[in-house]
Amino acid sequence: MKMFLYLLAVSIVLYTTTTTNIANAQGNPVPKPKPITGSEQIKIKESEKKYKVNPNYNTKFAPLITKSGTVLFSSLPVSTVYDLQSNGVPQQIWQDPITPTNVHAVFMYSTEPGFATRGSAYFFSNDFGATWSYLADVPSPGRSGFPAVSGLVSGAAVIVNHNTTNGTSSRTKINYDQGAGFGVFTEIDPGTTGEGDPIWARVIALPNNNVLFTSSINGAVYSFTNKATNISPPGIFSGYQTYPGDQAETYSLALAPNGTVGHAFIGSDDVDPNDVFYRSSSDGGLTWTPKQRIWDWNITPDSLGCIRGVSMVFGNNNQPYVSFNTSPLTLTAFYPEKPSQIRVWSPAIGGGVPVIVASQNSVPFFPNQGVTEDAFLPLCRPAIGRASTGNGIVVAFNATTDRVGSDLSRYYSVWTTFSTDNGNSWNPPEQITPESPLKDWRYVSVSPTNNVIGNTWTVQMVCQSDSLAGTHINGAPIGRGELVGIRYIPTTNPTPLAPTLLSPQNGSQNVFTTTLLDWNNAALSEFYEVHVSIDSLFGSLIISQSNIVPSQYQIDTLILNHETKYYWRARGININGVGPWSATWNFRTVPSLPLTPVLTAPANGAINVPVTPLLDWQDVINANTYRAQIARDSNFTATVFDQSGITQSQVTVPSSVLNNDTTYYWKISGQNSFGSGQWSSVWKFRTINIFPAAPSLWSPSNGSINVSLTPALTWSSVSGAISYRLQVSTDSLFNNTVVNAGNLTSVTYNVPSSVLSQNVRYFWRANATNSNGTGPWSLVWNFTTI
């Protein structure tokens, strides 16, 4: 029916214009790639023939602190050039819910260009995934691929993959360990089907030691389930049953706490392409409920469907949760450069309508380009798990980044989102893989059950981290891939982490009383609170300040005392509450700096101050020396005198420093071994002006005779003079003055008639006056009249 609708829609060109319509997704359609089987041969480039992988090397990744949790990394000791782990969502990690210290992982790898050999490595951790041991290839020896892992109630790992042991064709087989972390595996072979060899398996071990698995045949339009009802060699199997699901790992199995088995899958190409279904079984997978469509792709008008990415788990409420990616699709093509979404379906949320938990609205969008034959979307391959107790559900998925390789293939990262209320609300998605070193993070896998101890929920994941972007088997450059364990510890309603104090350093001495308290930007903090106290228990708070942004606090003056030890700490605050206090640091303030001097002389605004004045101020008790400054401006940008080390509270300004008739500004500061005190207030004074010089007499010349009774007395002009005074006397001491003329503006004086007498000797002199006063007299000359 869907094929008919598709052909009908194409023939009459009835495309709508909604955002989900295929007409809006015509950017760069790419044919749906064929799945990778592991039997592909690639041509080895000359540059790749000698490519060597050091299997003992693994990258060390520093822990990450995100807004919603902590991420710890542990690299596993196997590397690969075969850097495709799954055609869908991998099933490569299992944490034992009964003994949660034990975590098991599998990884498909080859260290040879061209993949002449390829194996499935098995790893074991007995410390919650902090460290890992490589125990064996499963099977060993032999070529195998596409492993999936689960576990028996004994804690022994159960691994399914396809291999060619015992001379069989390459097909799905089951290997189980003899005990938790033994690394000694027994194989049982379910055989083949009438249609061919299933090669891509997913598995769950049941409480009764039965093993249920699903697998598919390359190129087939149906897939299969089968069950080992007895795992003692050679094993007893219920037989392969077909179901209308797509091939190549587009399916997932899950076990509920109450024993219900769930099965999620993408519909088959010939009946329900691009749809997502769910069904369940109450007898361990022997019989199934009718399939329930949980996502419906329809070319008219809805063009969003699911390609490759589907995963499921049961919550502790025994409800199924299915995560899957959606994107624009046709029957034959997909759109790696168009936005995609991560959705979660459960009958317990949204009325049974899948909810979007990640999209271009919550994760930065970058189109997938370069090598796209691995069918990766910008957001894709969601893996889902649950907390061992409580209502926690977590989804991890791959997302494009803004980085591209030499062939323009996108580097991918891992993002997570989680719910603490059985999926009713979801934390905003966050990237949990580092930006540096640059790696291509793909094929993330989440343990179905993840341990909770107290209030700490640790999500166990593994992911392939590749040195180069893209998948080599599809044509991307050859690189080194490695399996990396990821422990994500989400924080529900997270409060900030404790800040790290920066300065003043712990135990600092001679810290100024106006010091800047500084600490790092603590993760998740919106603002900060700081305490300063005189005791380490903060019982006597000097400062208690909150709502501080950013991560530093300037202490004002007059708050801290000199020569005092103080203790301080800081903590972050956000909408969820206060975080823990930082470590407590201490510092000791400087002893008192000198007090501010008080000026005394010359008085502020004084005039006619000598050009070598004595500057004087009051003694400052805690000053050892003083510093004096004189400048032509009040801002002291034109300083003419700057002397330190003055031992008394006065200083005489040397000659040749100050000019006459000039305004100067001066100030004083006290100094001791801990620094300089505050400057005094600024005072000013004006220096005295210069008196005018004595004039030189010109005429009549000294000792002249027969001088007229009304002579013109002349003298030289004086620079700066405003007026002159002339005196004429009958004696050289000018006791008997006959002329005493002042305020003369001319350098000539005509003696009036009737002043002088005949045949008398007269003496005369002159001086000059300006704004500063009257200068000295000239020399005394004489003349005798006719």
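The analysis underlying the following values was restricted to heavy atoms, covering all of them including side chains, and did not include hydrogens, waters or symmetry mates. From a predicted model like this one, the values you see are computed outputs, not experimental measurements.
With Arg308 contributing its side chain and Cys380 its backbone, the two residues share no donor-acceptor pair below 3.5 Å. In terms of modelled atom types and a separation under 3.5 Å, the side chain of Ser74 and the main chain of Gly129 share a donor-acceptor contact. The main-chain N or O of Thr59 is found under 3.5 Å from a side-chain atom of Ser75 such that the two form a donor-acceptor pair. Of the possible polar contacts, none joining the Asn126 side chain to the Thr101 backbone as a donor-acceptor pair under 3.5 Å is found.
The CG atom of Leu152 lies 5.0 Å from the CG atom of Asn209; values are rounded to the nearest 0.5 Å.
For the pair Asp272 and Arg293, the salt-bridge criterion is met [side-chain N within less than 4.0 Å of a carboxylate O].
Closest approach of Pro35 and Trp200 over heavy atoms only: CG-CH2, 3.8 Å. Of all heavy-atom pairs spanning Ala264 and Val310, the tightest one is CB-CG2, 4.2 Å.
A cation-pi arrangement, defined by a distance under 6.0 Å to the six-membered ring centre and an angle within 45 degrees of its axis, is absent between Arg118 and Tyr109. Under the 6.0 Å distance and 45° angle rule, Arg487 does not count as a cation-pi partner of Phe73. Taking the ring axis of Phe334 as reference, the NZ or CZ atom of Lys32 does not stay both within 45° of it and closer than 6.0 Å to the ring centre.
Under the 30°/60° scheme for interplanar angles, the aromatic rings of Tyr240 and Phe213 are found to stand perpendicular. Relative ring orientation between His104 and Phe124 is described as tilted, the plane-to-plane angle lying within the 30° to 60° band.
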- [ ] List the steps and the verdict of side-chain contact (heavy atoms from CB on, under 4.5 Å) for Ile307 and Asn325.
- [x] CA-CA 7 Å; Ile307 180 173; Asn325 48 243; 4.3 Å; yes
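Judged by distance alone, the side chains of Thr168 and Lys173 do bring a donor and an acceptor atom under 3.5 Å apart. Residues Arg480 and Ser79 have side chains that bring a donor and an acceptor to within less than 3.5 angstrom of each other.
Paired with Pro382 under the rule side chain to side chain contact (heavy atoms under 4.5 Å, CB included), one option of Ile342, Asn398, Val344 passes, and it is Ile342.
A ring-centre distance under 6.0 Å is not found for His263 and Tyr251.
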